[in-house]
Protein chains: 2
Amino acid sequence: MSSMINKNSQSFLYQQVVDLIQTMQSSGALRSGDKLPSLRKLSHQLNISIPTVKQAYIELERLGKVEARPKSGYFLKAVESLFNSPKRASFVRRPVAVRCQSLVEQCYQAVHAPNSLQLGTSHPVMANPPDKALARIMRRVLAQQGPKAMLYGPMDGYLPLKQQLAQRYLQQGIDAMPDDIIITNGAQEALAIALQSVAKSGDIIAVESPTYFGILELIENLGMMALEIPTCSNAGICLEDLQHSLDSHDVKACIFSSLINNPTGSLMTTEKRRRIVDIIESRNIPLIEDAVYGELHFSQTIELPMQAYSTKGLVITCSSFSKTAAPSYRVGWILSNRYEEKAKGLKRALSCSTSLLNQMVIYEFVRSGDYDRHLKRLIQVLRVNKERMLAVIARHFPENTCLSNPQGGGVIWLELPVGCDVIDLFRKSVEAGISITPGVLFSATGKYKRCARISYGLPWDARVEQAIEQLGVFAGELLNEQCVTTH
Amino acid sequence: MSSMINKNSQSFLYQQVVDLIQTMQSSGALRSGDKLPSLRKLSHQLNISIPTVKQAYIELERLGKVEARPKSGYFLKAVESLFNSPKRASFVRRPVAVRCQSLVEQCYQAVHAPNSLQLGTSHPVMANPPDKALARIMRRVLAQQGPKAMLYGPMDGYLPLKQQLAQRYLQQGIDAMPDDIIITNGAQEALAIALQSVAKSGDIIAVESPTYFGILELIENLGMMALEIPTCSNAGICLEDLQHSLDSHDVKACIFSSLINNPTGSLMTTEKRRRIVDIIESRNIPLIEDAVYGELHFSQTIELPMQAYSTKGLVITCSSFSKTAAPSYRVGWILSNRYEEKAKGLKRALSCSTSLLNQMVIYEFVRSGDYDRHLKRLIQVLRVNKERMLAVIARHFPENTCLSNPQGGGVIWLELPVGCDVIDLFRKSVEAGISITPGVLFSATGKYKRCARISYGLPWDARVEQAIEQLGVFAGELLNEQCVTTH
């Protein structure tokens with residue numbers, strides 16, 4: 001067996017071991033679920049050092065080919081976990097949305113492909129993840145609560161957490177009582193509850209354009225209609241367009257981002273936020289604000305959600321800890337104002353309650369002050385990342401590429417020069433193990449074909465820079481191909 | 001103890017042993033659910049032969065007083081002869097809009113009142129909570145995954161967990177691929193997704209009566225109509241009523257419990273489950289089965305969910321780990337069959353994804369075999385608790401109280417004598433720090449006013465016994481008040 005390793009080869013020894021294991025798997029000599037030889041045994045058999053074998057196993061694990069099981073060793077993973085099966089076509093009522101949904105699915109597949117570099121997901125907290133702090137709190141909660149941490153939580157949320165949130169609103173001058181808050185499975189559930197509290201199938205819902213695709217999916221799945229209000233990538237919603245739209249259509253509700261728009265990263269002025277609330281409340285239309293990036297703005301001044309300017313109680317605020325603490329905890333909330341009863345009934349009916357254990361951990365994170373300290377640091381890291389990302393894109397992307405200048409959050413919105421279709425860039429980048437989000441997802445009417453959303457909310461390293469460079473090269477190739485075709 | 005046996009008596013020795021056991025039971029020295037002494041031990045204590053003791057035990061078994069459990073010994077059964085099963089309610093045979101929210105809210109408040117004894121919640125796993133095993137796994141997952149445990153999970157669930165579930169279905173002969181399964185925030189979200197995959201506002205949904213109030217709340221919140229199908233508290237759905245209802249109304253979907261009904265605990269025969277699927281699929285109506293108690297049945301034979309009998313792919317199975325592992329983790333799933341695409345879209349739109357961290361922990365719990373070992377033990381504990389609960393109720397509740405005889409799960413359904421309104425019992429018990437669930441919650445048409453659901457799914461101790469005794473005293477008082485008022 002040791003003859004399979006060539007110490008004089010140019011290839012690293014550990015890489016040869018990786019290749020050897022993969023060859024044995026494809027030949028059937030090793031099969032899915034088989035345990036790999038121990039480090040010691042293989043080191044002896046191949047006459048190489050234990051650390052080399054170890055390095056090979058770690059690389060195989062990174063590649064998603066093997067899994068390490070504590071105190072048991074390394075095992076070849078089942079083949080099905082390495083592949084996604086081909087998807088059937090979507091089943092959707094409106095032709096315009098079919099493309100949207102199946103593309104969303106492709107994007108998610110790309111995001112969750114093993115080892116893909118996730119520039120397509122917006123989880124800015126990953127730029128500076130508080131995993132150690134949360135793990136420490138989790139261990140303490142488990143030890144202190146015992147079986148109590150296993151129980152169903154109250155339907156509308158863990159009271160101490162609701163109290164913390166109410167207090168934070170109070171500090172912003174927003175009059176919220178703990179009872180006004182419902183804890184949800186992330187902001188997406190908050191949005192789903194909010195929308196079903198104020199509108200029904202067939203109703204027209206006004207949204208920003210571009211807007212977060214999860215809002216469009218929600219509207220689609222509830223059988224409602226989206227009415228797009230143009231926004232400026234740096235200044236937010238155009239007030240005249242908003243008024244014109246509300247004049248022309250029987251809009252039943254609006255869903256707007258509260259502070260930082262996803263995907264553009266724009267931050268509207270205080271005056272504009274106030275005017276929007278005035279316009280909408282004067283017409284007695286409920287306004288659902290998506291505030292998930294609200295605490296991640298780069299402004300030096302205090303920026304309040306639109307809830308702060310409500311005088312009629314028609315503003316519903318939806319937010320979560322997914323962008324600021326941990327997406328995997330699925331802890332969000334809704335401040336539902338005059339729709340409280342309806343929202344509470346919907347929460348119970350749609351998912352019963354939110355993970356009590358996760359709420360307990362998030363509560364401790366907030367209560368201890370760790371959360372605020374972490375937020376401060378996270379914003380610093382995101383600001384730096386943003387500057388780096390803008391610089392690298394500027395260096396490597398084709399001339400005439402347009403970029404938003406995010407005022408917070410963790411994503412950049414870019415527009416390629418005429419002639420490029422971002423779907424092609426998306427396909428190429430997926431093949432190269434890089435996920436991005438195509439612009440068409442952010443519209444219900446097929447807009448933004450030349451746009452893409454790219455995340456800088458991840459730890460900055462050479463791999464990220466290389467990926468951006470690679471994307472720039474792909475974009476250039478697409479532009480050249482286009483020129484060849486056209487001329 | 002041997003003096004209790006008179007070898008000179010005219011009565012057979014084995015008959016004296018039978019009488020002795022029954023006396024000890026009625027005096028409270030032996031209690032329902034208790035294990036009888038081994039043959040050898042009792043033979044020694046009473047100074048009689050082992051075959052005589054054996055004969056006595058066989059006679060007690062014949063009389064329905066004890067049950068033999070393979071490899072475990074003999075156990076005292078509850079004194080069922082005292083009870084009749086709750087009567088089937090008379091039916092308004094038309095679909096109705098559901099209105100039950102405010103009472104549900106009061107119940108939940110009672111359940112979450114500090115220090116209340118939770119006889120009103122169904123979380124049978126709390127009878128034998130695996131909190132230590134789960135905490136151990138959680139610590140390991142956090143240490144191994146680091147920041148990766150913070151990420152969004154794939155929209156339709158953590159693949160290794162879906163693979164485990166698919167494998168478990170396969171072992172039951174149900175052809176499910178990992179891709180057919182969507183992980184949800186508990187079974188309630190699974191039901192919400194299932195129902196919205198097959199029906200819309202205004203549609204008629206057939207449900208069992210009594211049925212789990214969460215299903216009625218869901219129907220209400222989605223603006224649908226409930227059509228109640230009478231069920232027998234010991235035999236489940238009446239097939240004739242089902243056929244008649246489907247003949248008379250344009251039923252768009254059915255939601256039935258798959259194996260163990262909540263609140264009665266009844267288990268339908270295999271033949272009946274098969275017939276139900278035949279009836280419903282022959283009419284091309286989708287059947288949503290709520291299988292949350294499916295793994296907690298007391299039957300010695302294999303019992304399959306209705307999915308197993310589907311030939312047309314119209315059965316959607318909803319289940320979760322909330323009843324069997326940990327409610328607070330909010331990990332459930334849906335096996336959506338031909339509605340897969342619609343269900344996946346709804347999952348994304350309604351809550352994005354399910355807690356990746358919690359899925360990772362549940363996956364390890366199942367994969368390691370700990371889950372199956374825990375389930376086995378949990379079922380044993382629940383069986384014993386059930387017998388104890390039946391016996392204590394028999395001792396303390398008014399004559400003519402009717403009880404279901406649950407074949408699994410963790411709740412008993414009881415009916416008080418004519419003259420009692422369970423809402424009064426509920427109010428008194430809440431004041432005394434005991435939560436129960438009033439029967440009216442389990443109907444959309446105001447039935448079951450004399451019924452209540454009481455949970456035996458918690459660690460059995462003196463506090464539980466005293467609470468049941470207290471409830472019995474309250475029920476007696478209500479009955480007396482009623483007599484005083486009437487006469």
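Below, all heavy atoms of this structure are taken into account, side chains as well, without hydrogens, waters or symmetry copies.
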* **Partner residues of F321(B) under the ring-ring contact (aromatic ring centres under 6.0 Å, His included) criterion, sequence neighbours left out** => W333(B), Y371(B)
* How far apart are the closest heavy atoms of R348(A) and Q188(B), and which atoms are they? -> O-CG, 3.6 Å
* Asked: Distance from K200(B) atom NZ to K200(A) atom NZ, nearest 0.5 Å?
  -> 14.5 Å
* To do: Tell me, for L356(B) versus chain A, whether the close heavy atoms (under 4.5 Å) come from the side chain, the backbone, both or neither.
  => both
* Roughly how far apart are E217(B) CD and L346(A) CG, rounded to 0.5 Å? -> 10.0 Å
* Asked: Which pairs pass salt bridge (charged side-chain N to carboxylate O under 4.0 Å, His left out) with one or both residues in residues 142-159 of chain A, sequence neighbours excluded?
  -> D156(A)-K162(A), D156(A)-K344(A)
* **Straight-line distance of M126(B) CE to M150(A) CE, nearest 0.5 Å** => 5.0 Å
* Are the side chain of R330(A) and the backbone of S351(B) linked by a donor-acceptor contact shorter than 3.5 Å? -> yes
* Where on A192(A) is there a heavy atom nearer than 4.5 Å to chain B: the side chain, the backbone, both, or neither? -> side chain
* To do: Taking the side chain as every heavy atom from C-beta outward, state whether Q196(B) and N221(A) have any atom pair closer than 4.5 Å.
  => no
* Under 4.5 Å from any heavy atom of chain A - which part of S122(B) -> backbone
* Asked: Under a 4.5 Å heavy-atom cut-off, does chain A meet the side chain of L195(B), its backbone, both or neither?
  -> neither
* Max heavy-atom pair count under 4.5 Å with chain A, selected residue of L151(B), L218(B), V125(B), N358(B) -> L151(B)
* Q359(B) portion near chain A, given a 4.5 angstrom heavy-atom threshold -> neither
* Toward chain B, the part of A325(A) with a non-hydrogen atom under 4.5 Å -> backbone
* Specify which of A135(A), A143(A), A349(A) makes the most heavy-atom pairs with chain B at under 4.5 Å. => A349(A)
* **Side-chain heavy atoms of C352(B) within contact of E189(A), under 4.5 Å** => no
* Asked: Do you know which of S201(B), S353(B), S322(B), A149(B) has the most heavy-atom pairs with chain A at a distance under 4.5 angstrom?
  -> S353(B)
* Asked: Quick one: which of P327(B), S328(B), S355(B) gives a side chain to side chain contact (heavy atoms under 4.5 Å, CB included) with L357(A)?
  -> S328(B)
* What part of P160(B) is in contact with chain A, defined as an atom under 4.5 angstrom from a non-hydrogen atom: side chain, backbone, both or neither? -> neither
* Structure fact -> Test side chain to side chain contact (heavy atoms under 4.5 Å, CB included), reference N185(A), set T184(B), L350(B), T354(B), N185(B), output is N185(B)
* For R367(B), is it the side chain, the backbone, both, or neither that has a heavy atom closer than 4.5 Å to a heavy atom of chain A? -> side chain
